[in-house]
Number of protein chains: 2
Amino acid sequence: MNFSQFCPLTTLLTPLPYTATFLETFTIKDIARELNISTSTVSRALRGSYEINPETKRLVMECAERLNYRPNPIALSLKGSGTRAIGVIVPQIANYFFSQAINGIEAIAYNRGYHVIIFQSHESYEREVANVEQAMSRRVDGLLLSLSSETSDVTYLRELHDKGVPIVLFDRVSSELEVTKVVADNFKGAFAATEHLIQSGRRRIAHLTIQPWLSITQERLAGYRAALEKYGLTYDENLVRYGTFGPNEVGPMVDELMALPVAPDAFFTASDRLAVGCLTALRQRNLTIPDDVSLIGFTNLNVAELLSPSLSTVVQPAQEIGQVAAERLIDLIERKHRAQPVGTVRIATELIARDSTRLPEHIMARLATASPEDQKSKPRDFVLSI
Amino acid sequence: MNFSQFCPLTTLLTPLPYTATFLETFTIKDIARELNISTSTVSRALRGSYEINPETKRLVMECAERLNYRPNPIALSLKGSGTRAIGVIVPQIANYFFSQAINGIEAIAYNRGYHVIIFQSHESYEREVANVEQAMSRRVDGLLLSLSSETSDVTYLRELHDKGVPIVLFDRVSSELEVTKVVADNFKGAFAATEHLIQSGRRRIAHLTIQPWLSITQERLAGYRAALEKYGLTYDENLVRYGTFGPNEVGPMVDELMALPVAPDAFFTASDRLAVGCLTALRQRNLTIPDDVSLIGFTNLNVAELLSPSLSTVVQPAQEIGQVAAERLIDLIERKHRAQPVGTVRIATELIARDSTRLPEHIMARLATASPEDQKSKPRDFVLSI
DNA sequence: TTGTAAGCGTTATCAC
DNA sequence: GTGATAACGCTTACAA
């Protein structure tokens, strides 16, 4: 599409010059042609680089403005000046955590003039690699990714990183990669959740969680154990279950746990799905909250709100994680910090406690008067002897 | 990065030639240089166009394979052969409907070799226009969009469409644009919801809905009215409320409605948010479901599941809408159908009825024995005289 | 059947 | 200060 096509000479001579409308796309060539100067001059004027005649510059700017000139990002990319696009690879978009994270990413990216190209790995290692390759072939300026649960070998990312490609991991990170990472403070979150359950009078806290090899799983488990330890409760591995539970698999798991010699009096779940699955299972089995058990989830705010008032929760700061991750990545891309310290940023989680977690007051009162030994030795009595 | 850099001549002469590893990026030049032929020959061999010496072709293919050659999509775009990317513009990613829709879009796009570039309008007309402009400047092959609630003037899209840019609208569509549209069957969905409430014994059904000028709002209202009419109930505009309610604005609305001379005995809400807000408001006011009122929402499946068993719902087929929209768009881009009929595709909605909507059996029984006139004349008596 | 050269929009490196 | 020119990776007339 050439300028002359829209702006015949006669128009050029009129006092009111042709003005571009929405989405007509002009190039520096068009500007050069109208002003009878060379494209290089136009280019220079536009980015104000070399010393250029102020008058020429003014003319160029004015003309560019009038024609609504927009540099062609594709040509820029070909020249190697970056695409101002970042690739985001997540396991699933239709997962509240990730869609909120993407929301945060997009907000930052937009403000800083970047675009977001989304890829889903669908929890498949192979597809994740393909996605990365695709993103690179589109010459994204950087990569933001949350690893698939299948991914254990990250050498392909290390190669990339060694080649200088800016990479930031978020949420699902790998300890085998020395890149910037942004995660929720899973340890503190799990600690707070467990502590809250203990302070609510619970002693046998089951923990339903996801794949054991994920860093987030390990951190949460560590927080859970640390809280138990602080209150002198023994860690019982029978109470911890790992997996990729479908909605109908949580029920049997709950049954199994409730059939233990000493059944749990609380559940701490590690995800939206698990929280919902567990809640449903408990309801179906006519177990009431908080009389029979407590439930606390590691969930996203909106999900927690939907489930309210049944669910106490540790809120995952999904959006903020996305924001911080995007910020760090773009800083890296633009080399804001010559030597950005490669480290892990932990975003604080928030505990939202609902009454449903807490034992009824009269039982709490009884608990308070019991000696600590008493509490430890016969914990379930206090809870289920209602 | 040149081939010679990785593949010194000596290597070339060995029986086991150099093989590229992940993400080394070679060009047709590299292939040409290694095979001592011209880049054009390589290009032709690669896309099998002109008749080319089968042997040459074989050599080229083999070499391309070995070097893991990937055409540079940016160079292709510059040539004007399309970017194999589609722009998706939605009001909000972190909205379950849209994230599911995007999920469907991405799935189809991936299968057909396209990438998805996401933009959020944040319900702002201005930003929507900016997004479209950005998408076009990135030379996306087509546009998939769901209009912001602020958008009433769509001439900018008409211009684009007239220029031949493939466009498909989904969910939030405009009647002023003659493009392919993909929407949920809002009329039937609303009809089914309303009918279900009526069949569950309700007679004064309030309808909380979103902005009145949106097509989806109008279609739903039409379905609601049609169902009322079918059962001989009069339409009362006092029972219909429009708006962009925040979570704390639904409560007062519910109060207002319950304070009407003849209060509603059911609520039909038009979105996740409204359903949740309404549910919360009812709970806070100690109104029980279904004893006091019924509630049915126009929501997404996962949200409904989260709220289960409190909420009967008409499920929005978000993912399928995304899939169909993406399919139609890519068909358009690839001109599968020379003259694709421009029309509106309506994806069926599904009614999920939970017991919570239905009046208790003994009341239903009383209702059944009452004469139709009786039912019409004193509807609330039947419902609230429990 | 293959090679040469122009061009897509832009910037950088030269000259002038 | 400004204008040619080459280059980015690729496709495609046109020539050979």
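Chain A is the first sequence line, chain B the second, and so forth, proteins listed ahead of strands; every chain is numbered from 1.
Every residue two or more places apart in sequence or in another chain was checked for a salt bridge (Lys or Arg N to Asp or Glu O under 4.0 Å) with B:Arg158, and none qualifies. With sequence neighbours left out, the side chain to side chain donor-acceptor pair (under 3.5 Å) criterion links B:Ser99 to no other residue. A search for side chain to side chain donor-acceptor pair (under 3.5 Å) contacts involving A:Thr83 returns A:Asp141, not counting sequence neighbours. Residues satisfying the side-chain contact (heavy atoms from CB on, under 4.5 Å) test with B:Pro166, not counting sequence neighbours, are B:Leu329, B:Leu332, B:Ile333. With sequence neighbours excluded, the residues satisfying ring-ring contact (aromatic ring centres under 6.0 Å, His included) with B:Phe119 are A:His115. For B:Glu128, there are no salt bridge (Lys or Arg N to Asp or Glu O under 4.0 Å) partners two or more places apart in sequence or in a different chain.
Of the side-chain N and O atoms in A:Lys29, one or more sit less than 4.0 angstrom from OP1 or OP2 of C:dC8. A sub-4.0 Å separation between OP1 or OP2 of D:dC10 and a side-chain N or O of B:Ser81 is absent. Checking the phosphate oxygens (OP1, OP2) of D:dC8, no side-chain nitrogen or oxygen of A:Ser77 falls inside 4.0 Å.
In this structure, of C:dT1, C:dG9, D:dC10, it is C:dT1 that holds the atom nearest to the side chain of B:Thr56. Considering only the side chain of A:Asn53, D:dT2 comes nearest among D:dT2, C:dT10, D:dT12.
One can place CG of A:Leu67 at 15 Å from P of C:dG9, the figure rounded to the nearest angstrom. Atom-to-atom, CD1 of B:Ile52 to P of D:dT11 comes out at 12 Å; the value is rounded to the nearest Å. The distance from atom CD1 of B:Ile31 to atom C1' of D:dG9 is 12 Å, rounded to the nearest whole Å. Look at CG on B:Asp30: it is 13 Å from C1' on D:dC10, rounded to the nearest Å. Between A:Leu35 atom CG and D:dT2 atom P there is a gap of 11 Å when expressed in whole angstrom units. Between the CD1 atom of A:Ile28 and the P atom of C:dA12 there is a distance of 11 Å, given to the nearest Å. The distance from atom CG of B:Leu46 to atom P of D:dT12 is 13 Å, rounded to the nearest whole Å. What separates CG of B:Leu78 from P of C:dG7 is a distance of 15 Å, to the nearest Å.
A salt bridge links A:Arg84 with A:Glu334: at least one charged nitrogen is closer than 4.0 Å to a carboxylate oxygen. Look at B:Arg66 and B:Glu62 and you find a salt bridge, because one of the NZ, NE, NH1 or NH2 atoms lies within 4.0 Å of a carboxylate O, short of that distance.
Applying the salt bridge (Lys or Arg N to Asp or Glu O under 4.0 Å) rule to pairs touching residues 118-127 of chain A yields A:Glu123-A:Arg172, A:Arg127-B:Glu106, sequence neighbours excluded.
Comparing B:Arg70 and A:Ile37, the nucleotide of DNA chain D nearest to each residue sits closer to the 5' end for A:Ile37. Residue order along DNA chain C, read from the 5' end via each residue's closest nucleotide, puts B:Asn36 first among B:Asn36 and B:Gly80. Where B:Leu76 and A:Pro54 each meet DNA chain D at their nearest nucleotide, the meeting point lying more 5' is that of A:Pro54.
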Between the protein and nucleotides 4-6 of chain C, are there any N/O to N/O pairs under 3.5 Å, and if so, what are the atom names and distances?
unit_1: C:dT4; atom_1: O4; unit_2: B:Ser40; atom_2: OG; d: 2.8

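For the helix from C:dT1-D:dA16 to C:dC16-D:dG1, the angle separating the two terminal helix axes comes to 60°, with each axis derived from five pairs and the value rounded to 10°.
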Criterion salt bridge (Lys or Arg N to Asp or Glu O under 4.0 Å) on A:Asp331 and A:Arg328, from CA distance to verdict: CA-CA 5 Å; A:Asp331 283 351; A:Arg328 300 301 291 261; 5.3 Å; no

